[in-house]
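Every value quoted in this text rests on a predicted model; they were computed, and no experiment measured them.
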Amino acid sequence: MSVQTATAAKPSPRRYYVLGLLTIIYALNFLDRTIFNVLIEPIKKEFALSDTMMGLLAGFGFALFYSLLGIPIARVADRLNRRNIVAAAFAFWSAMTALCGAASSVTSLALARIGVGIGESAGSPASQSIVADLFAKNERPRALGIYAIGTYLGVFLGYFVGGYVNQHYGWRMAFYVAGLPGILLALVLWLTITEPKRGAMQESFVPEPLGPTLRFLASQRSFVIVLIGFCLTTYTNYATAAWIPPFLSRVHHLSSAEIGTYAGTFKGLAGMAGTLLGGFVVAQIGRRDDRWKLWAPAITSGLAGPVFALCMLTQDFAMMVAMLALTSFLVGFHLGPIFAIAQTVAKPSMRALASALIALTATCFGQGVGPLAVGVVNDALKGAYGADAVRYSLLSAAVTTVLGALLFVWAARTIRDDIGRAA
């Protein structure tokens, strides 16, 4: 059954309110993830845990349920009211974040983290699907670039809030401050946003069952290759997000508040700048040739590898901070364009599922494997290198972003044909 639209939907200024509110919610999504990272050291001390266990709590315990539930929830979002799904999920994960502060044991903390993952699995795919119905194909890299700055805005807030509140009021209060405001904002979303018409920026909208949907996405070579590449670049993002605070504490001996200041400013703000610029630049150059939608992210992701290696290996504090900022800028550049690819090579009826496959698979690998792998290597190397172990274990993130860049170049070879099939 095809639901026809006579003309493309006329753009409305109100769509920028929707985009702005969804971006704030996405930022609080990452605040709730990131704040755990800046609290690794006090949590580890209170519960007497290893780096391997902290890597599990920071990554895999969260990412496993996030990924398992994300696909079926996204499928529901391709059929039911996406606004309601985002609002309910947002309220739930915010409540679970606050409950992390009430944890009395490692088990209760792990269960609360799993709850955060369950709630967040529903948020981004449905949100990106809404954005795709408000902006046309060539506008999506810019719109989703704006949306993607929520990643680094959340990182910025997570480091600052976590660092300051932990130093002055303890790590438990930091979780309360991060989680409780989200419940109120979820109500604002539910009351002020309406569900947009599906396929409003297309000539037709054709609902399809799950089997044909998965077969179509699997046949889009650029989608499959980008998915693998994004897993690798996301490893870089999550491994550094989790272990940069302990790196600053152990290697450069910063206090909790100082970690929040340096990591929040030079990782968070630089990442926001890169993400915003990436969306705007690719929206412009991609009009001339769709392959630039992947060539540009490939260039910046490839450069991020050697820059981050220098960040880890330099003994100079100022150089380390500058390279951390540049790495975050370069890695952030690709987020909006990659989100846009997932929406553009999928048919309108598949967008939430396509977004979920990209985001959830990448999160399962990046957030699940990244913090855990670095934690395991930390424990293995600490006998030989002591506090410097985290410096060397994080070098794996320099390798994965270069590999991801090579895959983006490969995917660009078929992107134009794949966009044509999805139109």
Side-chain angles (χ1 to χ4, degrees), residues 30-65 93-118 120 154-155 157-180 182 238-264 367-368 370-383 386-390 393-394:
F30 271 85
L31 183 155
D32 292 344
R33 301 187 201 187
T34 302
I35 200 163
F36 184 91
N37 302 333
V38 80
L39 303 174
I40 281 178
E41 295 294 88
I43 293 172
K44 176 184 176 181
K45 182 178 180 180
E46 178 164 332
F47 293 121
L49 303 175
S50 66
D51 278 354
T52 299
M53 181 58 70
M54 294 310 300
L56 279 169
L57 289 171
F60 194 73
F62 170 95
L64 177 62
F65 285 87
W93 89 61
S94 298
M96 290 297 102
T97 299
L99 284 177
C100 288
S104 58
S105 65
V106 176
T107 300
S108 58
L109 179 60
L111 289 174
R113 286 285 293 169
I114 288 170
V116 175
I118 291 171
E120 292 188 0
V155 169
L157 293 173
Y159 284 143
F160 261 101
V161 171
Y164 179 85
V165 177
N166 172 58
Q167 180 153 328
H168 295 282
Y169 303 102
W171 66 267
R172 295 180 184 276
M173 181 59 69
F175 280 120
Y176 298 143
V177 172
L180 293 177
Y238 283 116
T240 57
W243 290 105
I244 285 296
F247 166 77
L248 294 175
S249 173
R250 299 174 190 180
V251 177
H252 294 284
H253 312 293
L254 301 188
S255 69
S256 180
E258 289 171 331
I259 290 170
T261 299
Y262 280 99
Q367 187 162 9
L372 176 59
V374 173
V376 169
V377 177
N378 284 349
D379 286 334
L381 296 181
K382 68 180 179 182
D388 276 342
V390 67
S393 58
L394 274 169

**Request:** Could you check Phe36 against Met54 for side chain to side chain contact (heavy atoms under 4.5 Å, CB included), going step by step and ending with a plain yes or no?
**Result:** CA-CA 10 Å; Phe36 184 91; Met54 294 310 300; 3.8 Å; yes
**Prompt:** Asn37 and Ala242: which non-hydrogen atoms are nearest, and at how many Å?
**Reply:** CG-CA, 3.4 Å
**Request:** Check whether any side-chain heavy atom of Ser249 lies under 4.5 Å from a side-chain heavy atom of Pro246, and answer yes or no.
**Result:** no
**Complete:** Rounded to the nearest 0.5 Å, the CG atom of Leu39 sits from the CD atom of Glu41 at a distance of 10.5 Å
**Item:** Which residues share a ring-ring contact (aromatic ring centres under 6.0 Å, His included) with Tyr238, sequence neighbours left out
**Value:** none
**Item:** side chain to side chain donor-acceptor pair (under 3.5 Å) contacts touching residues 94-104 (sequence neighbours left out)
**Value:** Asp32-Thr97
**Complete:** When every non-hydrogen atom of Trp243 is compared with those of Pro371, the smallest separation belongs to NE1-O, 2.9 Å
**Minimal non-hydrogen separation, Gly162 against Val38, with atom names** = CA-CG1, 3.5 Å
**Asked** Can you check whether Ala58's main-chain N or O pairs, donor with acceptor, with Gln367's side chain at less than 3.5 Å?
**Response** yes
**Message:** Restricting to non-hydrogen atoms, name the atom on Ala239 and the atom on Leu394 that form the minimum distance, rounded to 0.1 Å.
**Reply:** O-CD2, 3.6 Å
**Request:** Might you work through the side chain to side chain contact (heavy atoms under 4.5 Å, CB included) test for Ile40 and Lys45, ending with a clear yes or no?
**Result:** CA-CA 9 Å; Ile40 281 178; Lys45 182 178 180 180; over 6 Å; no
**Request:** Sort and list the pairs that fulfil salt bridge (Lys or Arg N to Asp or Glu O under 4.0 Å) and have at least one residue in residues 99-110, not counting sequence neighbours.
**Result:** none
**Asked** Would you say Leu372 and Thr52 make side-chain contact, with heavy atoms under 4.5 Å?
**Response** yes
**Item:** Euclidean distance, Asp388 CG relative to Lys382 NZ, rounded to 0.5 Å
**Value:** 14.5 Å
**Prompt:** Could you state the interatomic distance from CG (Leu31) to CG (Leu157), rounded to the nearest 0.5 Å?
**Reply:** 5.5 Å
**Message:** Go through it in stages, so that I can follow the logic: the residues are Phe47 and Met53, the test is side chain to side chain contact (heavy atoms under 4.5 Å, CB included), and I'd like the CA-CA distance, side-chain angles, deciding distance and then a yes or no.
**Reply:** CA-CA 10 Å; Phe47 293 121; Met53 181 58 70; over 6 Å; no
**Request:** Report the residues that fulfil ring-ring contact (aromatic ring centres under 6.0 Å, His included) with Trp93, sequence neighbours left out, ordered by chain and then residue number.
**Result:** Phe90
**Prompt:** Is there a side-chain contact between Val165 and Trp171 (heavy atoms, below 4.5 Å)?
**Reply:** no
Pair up each side-chain donor or acceptor in residues 257-264 with any protein partner under 3.5 Å, not counting sequence neighbours, and list the distances.
from: Glu258; atom 1: OE1; to: Ser255; atom 2: N; distance (Å): 2.8
from: Glu258; atom 1: OE1; to: Ser255; atom 2: OG; distance (Å): 3.3
from: Thr261; atom 1: OG1; to: Ala257; atom 2: O; distance (Å): 3.1

**Request:** First locate atom CE of Met96, then atom CD1 of Ile114, and finally report the distance between them rounded to the nearest 0.5 Å.
**Result:** 11.5 Å
**Message:** Testing the basics here: between Val377 and Ser393, what is the closest heavy-atom pair and its distance to 0.1 Å?
**Reply:** CG1-CB, 3.5 Å
**Request:** With salt bridge (Lys or Arg N to Asp or Glu O under 4.0 Å) as the test, would you mind laying out the steps for Asp51 and Lys44 before giving the verdict?
**Result:** CA-CA 8 Å; Asp51 278 354; Lys44 176 184 176 181; 2.9 Å; yes
**Request:** Please list, chain by chain and in numerical order, all residues satisfying ring-ring contact (aromatic ring centres under 6.0 Å, His included) with His168, sequence neighbours excluded.
**Result:** Tyr164
**Request:** Would you indicate whether the side-chain heavy atoms of Leu57 and Leu49 approach each other to under 4.5 Å?
**Result:** yes
**Item:** For the student: nearest non-hydrogen atoms of Pro42 and Asn166, plus distance
**Value:** CG-OD1, 3.7 Å
**Stepwise side chain to side chain contact (heavy atoms under 4.5 Å, CB included) test for Arg172 and Glu46** = CA-CA 11 Å; Arg172 295 180 184 276; Glu46 178 164 332; 2.8 Å; yes
**Fill in**
Tested for side-chain contact (heavy atoms from CB on, under 4.5 Å) against Phe247, the lone hit among Thr240, Leu254, Val390, Val374 is Val390
**Complete:** Rounded to the nearest 0.5 Å, the OH atom of Tyr159 sits from the CG atom of Leu248 at a distance of 8.5 Å
